[in-house]
Amino acid sequence: MNVRRSAAVLAATVAIGTATPAVAASPSPAPSSPSGLYGSTDPTYDGVWRQSLALIALHRVDVEPADAAVDWLAGQQCESGAFPAFRADPAKACDAKLMVDTNSTAAAAQALSAVGGHGTAVTKAVTWLKSVQNKDGGWGYTPGGASDANSTSVVIGALKASGDDPAKALKESKSPYDALLKLSLPCADAGAFAYQPDKKGKLTANADATAAAVVGALGLDMVSVKAGDKKNAACTDTARPTPKDAAANGSAYLAKAVAKNGHLTSALPGSENQPDYGNTADAVVALAAQGGTAAATGPLRWLERNSAKWAEQNGPAAYAQLILAAEAGGADPSDFGGTDLVKQLTATGPAPAPTSAATSQDDDSDTSVWWLVGAGLAAGAGVGFLLSSRNKRKQP
């Protein structure tokens with residue numbers, strides 16, 4: 001579920017973070033953002049993406065975000081239905097100079113579907129996504145770009161979350177699943193997915209793309225993805241593989257990739273190999289979606305032990321990724337290796353709406369005050385109906 005951006009080096013640096021040892025204590029939360037945006041760092045390249053992941057993660061743990069947070073995201077949409085990575089002036093109409101992309105649009109559609117009340121915006125986003133679908137059934141990061149596994153998978157999630165059937169999203173008789181199958185590798189090449197073909201048409205296994213594509217090939221979205229019931233097995237070639245066959249093979253590849261160290265590894269040019277926290281979190285979701293919580297135990301436990309410092313450095317999207325991993329893998333997001341991920345995420349943006357429990361407690365407090373007054377009157381007058389009335393009000 002990591003996004004591919006035009007500023008590839010910057011995105012990779014943000015996604016991987018520095019190889020800093022984990023800290024035992026929960027890190028201090030980042031400053032709140034008065035604008036409704038989660039996080040205080042420059043949103044130019046990831047504003048819509050980080051906001052969308054934050055809203056989806058909060059939905060997964062039954063936390064209602066502040067209206068300001070939802071309004072910030074909804075306000076980023078262009079009249080066409082598309083979303084850019086960030087729109088500095090929502091009051092100004094989108095023009096040709098503002099680059100919109102499929103990843104931001106698909107993530108925002110999923111987030112607005114999750115929070116509810118934005119059906120028109122979701123429909124417009126999905127309509128735009130369908131209008132830029134490639135002839136092979138997939139999507140690239142930008143309209144007209146070559147289809148890639150990450151973009152195609154996040155759009156499948158948007159279709160699913162909006163109530164559409166991804167299999168029926170056809171372009172010249174090709175569905176998004178057809179595009180993913182073209183990017184899946186045979187077992188001789190580990191059964192992984194490639195991001196996209198290189199200039200010579202060659203496919204190369206890519207762990208990031210595989211984690212996204214397993215979820216996509218299963219027809220799942222970030223809003224509702226949960227642990228599956230199919231055991232992870234060894235890679236198996238078939239004459240006519242189905243999307244589910246490709247998902248199973250991709251999951252087998254991920255299981256092997258994390259078996260040694262408990263995490264996926266990535267390297268930037270000129271640097272040594274280092275743990276890739278974000279992609280490991282995505283791999284947990286993929287492994288759990290295919291093979292259940294047991295399949296994701298290894299990397300999930302590694303994240304619990306080691307991800308606190310990375311999440312502190314990278315902010316809302318990182319906390320959201322870990323919440324999604326915890327939710328899919330069967331861990332507690334409020335006590336993830338000693339860190340309350342939900343508290344850390346909400347601390348980076350506007351305070352969430354009061355919970356129904358808190359509201360109920362407030363109501364009870366008010367009721368208690370009036371009950372004491374009423375009880376005194378009842379005792380003085382020798383009348384018991386106020387006590388009975390209070391009991392009725394207390395009933396659900």
Side-chain angles (χ1 to χ4, degrees), residues 1-3 26 38 49-65 69 106-107 109-116 153-154 156-158 160-161 211-212 214-216 218-230 232 247 251 254-255 258 262-264 277-308 310-311 314-349 352 355 357:
M1 287 177 279
N2 278 348
V3 65
S26 178
Y38 288 96
W49 181 262
R50 88 164 80 139
Q51 193 80 350
S52 299
L53 259 64
L55 295 180
I56 292 169
L58 293 178
H59 170 78
R60 293 296 302 264
V61 294
D62 298 320
V63 173
E64 183 179 350
Q110 293 187 58
L112 293 175
S113 294
V115 299
S153 297
V154 74
I156 287 175
K160 180 70 175 181
V214 167
V215 176
L218 291 171
L220 302 173
D221 56 70
M222 291 186 280
V223 177
S224 60
V225 60
K226 59 184 180 180
D229 56 5
K230 298 178 177 62
N232 283 315
S251 182
L254 291 173
V258 300
H263 61 79
L264 295 177
Y277 300 86
N279 286 341
T280 300
D282 293 344
V284 167
V285 175
L287 287 167
Q290 170 65 30
T293 56
T297 298
L300 185 65
R301 296 291 175 259
W302 183 87
L303 286 170
E304 285 187 296
R305 294 191 302 270
N306 298 285
S307 65
W310 168 78
N314 289 278
Y319 287 123
Q321 280 184 281
L322 292 175
I323 288 172
L324 293 176
E327 276 285 292
D332 182 359
S334 66
D335 186 12
F336 193 74
T339 296
D340 187 338
L341 298 173
V342 181
K343 181 180 179 180
Q344 296 298 92
L345 174 56
T346 57
T348 68
T355 63

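Side chains are part of it too, since the values below use all heavy atoms of this structure and drop only hydrogens, waters and symmetry mates.
- Note that CG of D340 and CD1 of I323 are 8.5 Å apart. Values are rounded to the nearest 0.5 Å.
- The OG atom of S52 sits 8.5 Å away from atom CD of Q110, with the distance rounded to the nearest 0.5 Å.
- A328 approaches A288 most closely through the heavy-atom pair O-CB, 3.4 Å.
- Smallest separation of non-hydrogen atoms from V63 and P352: CG1-CB, 3.6 Å.
- Closest of all the heavy-atom pairs between L254 and A211 is CD1-CA, 3.8 Å.
- Checked by atom type and distance alone, the side chain of R50 pairs as donor or acceptor with a backbone atom of Y38 at under 3.5 Å.
- Taking the side chain as every heavy atom from C-beta outward, V154 and M222 approach each other to under 4.5 Å.
- Atom CG in D221 sits 12.0 Å away from atom OG in S153 (nearest 0.5 Å).
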- Could you walk me through whether V223 and H59 pass side chain to side chain contact (heavy atoms under 4.5 Å, CB included), step by step? CA-CA 8 Å; V223 177; H59 170 78; 3.7 Å; yes
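- T280 approaches P299 most closely through the heavy-atom pair CG2-CB, 4.0 Å.
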- Check against side chain to side chain contact (heavy atoms under 4.5 Å, CB included), T346 and Y319: CA-CA 10 Å; T346 57; Y319 287 123; over 6 Å; no
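- Listed for the S113 side chain is a donor-acceptor partner under 3.5 Å among the backbone atoms of A109.
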- When you look at L218 and Q290, which way does the side chain to side chain contact (heavy atoms under 4.5 Å, CB included) test go after all the steps? CA-CA 8 Å; L218 291 171; Q290 170 65 30; 3.7 Å; yes
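- In this structure, L264 and V258 have side chains that are in contact, with non-hydrogen atoms separated by less than 4.5 Å.
- For Q321 (side chain) and A281 (main-chain N/O), no donor-acceptor pair under 3.5 Å exists by modelled atom type.
- Residues V342 and F336 fail the side-chain proximity criterion, which asks for heavy atoms closer than 4.5 Å.
- The ring of Y277 has its center closer than 6.0 angstrom to the ring center of W302.
- Rounding to the nearest 0.5 Å places CG of L303 at 10.0 Å from NE2 of H263.
- Considering all non-hydrogen atoms of both residues, L53 and A320 come closest at O-CB, 3.4 Å.
- With hydrogens and angles ignored, the 3.5 Å screen pairs no side-chain donor or acceptor of R301 with any backbone N or O of G262.
- At least one side-chain heavy atom of L345 sits less than 4.5 Å from a side-chain heavy atom of P316.
- Using a 4.5 Å heavy-atom threshold, the side chains of L58 and E64 count as separate.
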- Query: Stepwise, does the side chain to side chain contact (heavy atoms under 4.5 Å, CB included) test hold for V284 with L324?
  - Reply: CA-CA 9 Å; V284 167; L324 293 176; over 6 Å; no
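- Side-chain atoms of P333 and E327, non-hydrogen and from C-beta on, do get closer than 4.5 Å to each other.
- W310 and G278 get closest at one heavy-atom pair: CZ2-N, 3.6 Å.
- Side-chain atoms of I156 and L220, non-hydrogen and from C-beta on, never get closer than 4.5 Å to each other.
- Within the 4.5 Å cutoff, the side chain of V115 has heavy atoms near those of the P65 side chain.
- For T339 (side chain) and D335 (main-chain N/O), no donor-acceptor pair under 3.5 Å exists by modelled atom type.
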